[in-house]
Amino acid sequence: MSGKTFALDWEARFKAERTPWERPSLHPAFTTWRASGALAPCRIMLPGAGRSAEPRALAQDGFDVTIVDAAATAVAVQQARFQSFSLPGRIEAADLLEWTADAPFDAVYDQTCLCALPPPVWPSYVAQLHRWLRPGGRLFLLLMQTGKPDGPPFDCPPDEMRTLFGAAWQWPDTLIAAVPHWDGKEEIPVVLTRL
Ligand SMILES: C[S@@+](CC[C@H](N)C(=O)[O-])C[C@H]1O[C@@H](n2cnc3c(N)ncnc32)[C@H](O)[C@@H]1O
């Protein structure tokens, strides 16, 4: 299954307003990272940002924001939002598994993008994340925990993720507590450094 084929399904979900993953406000892990300074103004990319509010918050805080999403509806919403607030930013409609960056990023913020992709393409997606980030760049990632074999969202157990990401990424010594999602799932926030 190509990323493109899979992403078409996401467009159908936006069109039908079947978007249970969407949060009414900024993600609590995002606000914690911002408040602590872990996430500080830089050149940042948001893969599969959908219609989320975090890209606008980052742009308003002076980040150099790039969004890549394959769903036309999500891209149009983000473009209109950035335009209405006169915010700079690159918002591109593309398949993440094929998209290439014109220059490396300092950070990537992945909010329910990895878990939206089918596990067979995860190695390709992780390779893309590695290509997009500069050495020492950081991946702000929310590991979806569902405890179920099916998806989306697909379960991202930390041990399996350590194996998936491999030696090219540095993990923190300890993981912080999971953040509940209103639909009963939870996400473990983690910041990985691209080696
Ligand atoms: C679960 S939604 C998350 C949206 C957003 N991050 C949020 O938290 O509201 C997954 C997003 O990834 C996008 N997506 C899925 N597969 C993709 C692919 N192969 N290429 C680009 N975008 C993709 C979908 O269009 C959708 O916007």
Side-chain angles (χ1 to χ4, degrees), residues 1-34 39 44-59 63 65-82 89-101 105 107-132 139-146 148 150-156 164 178-190:
M1 183 190 304
S2 82
K4 203 167 272 172
T5 306
F6 195 72
L8 291 175
D9 184 48
W10 291 98
E11 174 59 12
R13 289 162 198 235
F14 283 114
K15 281 216 165 96
E17 289 294 337
R18 281 188 290 110
T19 57
W21 62 84
E22 292 188 326
R23 289 176 174 269
S25 54
L26 295 174
H27 196 291
F30 174 86
T31 53
T32 300
W33 282 326
R34 282 293 295 120
L39 194 49
I44 191 166
M45 190 266 193
L46 294 94
R51 302 187 294 195
S52 61
E54 285 76 9
R56 174 186 146 197
L58 290 169
F63 285 72
V65 172
T66 296
I67 292 173
V68 179
D69 198 298
T73 296
V75 167
V77 165
Q78 294 287 3
Q79 285 173 337
R81 191 177 290 159
F82 270 59
R90 283 171 301 283
I91 302 166
E92 298 191 22
D95 183 346
L96 290 163
L97 301 176
E98 296 170 358
W99 185 79
T100 54
F105 290 94
V108 170
Y109 178 72
D110 180 318
Q111 177 175 297
T112 55
C113 184
L114 173 65
C115 70
L117 297 168
V121 306
W122 282 356
S124 303
Y125 178 62
V126 171
Q128 285 284 71
L129 290 168
H130 199 267
R131 274 183 214 110
W132 299 332
L139 171 63
F140 294 81
L141 179 61
L142 296 154
L143 298 176
M144 180 64 75
Q145 307 299 298
T146 71
K148 295 180 184 167
D150 58 340
F154 293 98
D155 197 23
C156 302
L164 171 69
V179 177
H181 199 279
W182 65 265
D183 61 0
K185 304 174 185 71
E186 58 182 20
E187 294 154 296
I188 299 174
V190 64

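Residue numbers start at 1 and run along the sequence shown. As the structure lists them, so they are numbered: ligands from 1, and atoms in each ligand from 1. Heavy-atom basis, side chains included; hydrogens, waters and symmetry copies ignored.
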For Ser52, counting its heavy atoms only, list the atoms of ligand 1 lying under 4.0 Å from any of them. 7 (C), 9 (O)

Backbone, side chain, both or neither: what part of Ala70 comes under 4.0 angstrom of ligand 1, heavy atoms only? both

Arg13 (side chain) donor-acceptor with Thr19 (main chain) under 3.5 angstrom: no

Keeping the roles fixed (side chain from Glu11, backbone from Ala70), state whether a donor-acceptor pair exists under 3.5 Å. no

Does an N or O anywhere in Asp69 fall below 3.5 Å from an N or O of ligand 1? yes

Tell me if a side-chain donor or acceptor on Trp132 pairs with a main-chain N or O of Trp99 at a distance below 3.5 Å. yes

Side chain, backbone, both or neither: Leu117 near ligand 1, heavy atoms under 4.0 Å: side chain

So does Glu22 get a backbone contact from the side chain of Arg51, meaning a donor-acceptor N/O pair under 3.5 Å? no

Below 3.5 Å, N or O to N or O, backbone or side chain included: is there any such pair between Gly48 and ligand 1? yes

Going by the atom numbers of ligand 1, which of them fall below 4.0 Å from some non-hydrogen atom of Ala71? 25 (O)

Going by the 4.0 angstrom heavy-atom rule, the piece of Ala49 near ligand 1 is backbone

Using a 4.0 Å heavy-atom cut-off, which part of Pro47 comes near ligand 1: side chain, backbone, both, or neither? neither

Between Glu92 and Thr66, do the side chains contain a donor N or O and an acceptor N or O under 3.5 Å apart? no

Min N/O separation Arg51 to ligand 1 under 3.5 Å: no

Can you list, pair by pair, the side-chain donor-acceptor contacts under 3.5 Å of residues 110-124, counting residues two or more places apart and other chains?
| residue | atom | partner | partner atom | Å |
| --- | --- | --- | --- | --- |
| Asp110 | OD1 | Cys113 | N | 3.0 |
| Asp110 | OD1 | Leu114 | N | 3.2 |
| Asp110 | OD2 | Leu114 | N | 3.3 |
| Asp110 | OD2 | Tyr125 | OH | 2.6 |
| Gln111 | OE1 | Tyr109 | OH | 2.5 |
| Gln111 | NE2 | Glu54 | OE1 | 3.4 |
| Trp122 | NE1 | Leu114 | O | 2.9 |
| Trp122 | NE1 | Leu117 | O | 3.0 |

Val75 backbone acceptor or donor facing Asp69 side chain under 3.5 Å: no

Are any of the N or O atoms of Thr112 closer than 3.5 Å to those of ligand 1? yes

As an exercise, identify every atom of ligand 1 less than 4.0 angstrom from a heavy atom of Phe14. 25 (O), 26 (C), 27 (O)

Pair Phe14-Val77, side-chain contact (heavy atoms from CB on, under 4.5 Å): steps then yes or no: CA-CA 11 Å; Phe14 283 114; Val77 165; over 6 Å; no

Which ligand 1 atoms are under 4.0 Å away from a heavy-atom of Ala116? 10 (C)

Under 3.5 Å donor-acceptor, Gln145 side chain and Lys185 backbone: no

Do any nitrogen or oxygen atoms of Leu96 lie less than 3.5 angstrom from nitrogen or oxygen atoms of ligand 1? yes

Give the atoms of ligand 1, by number and element, whose distance to some non-hydrogen atom of Ala94 is under 4.0 Å. 20 (N), 21 (C)

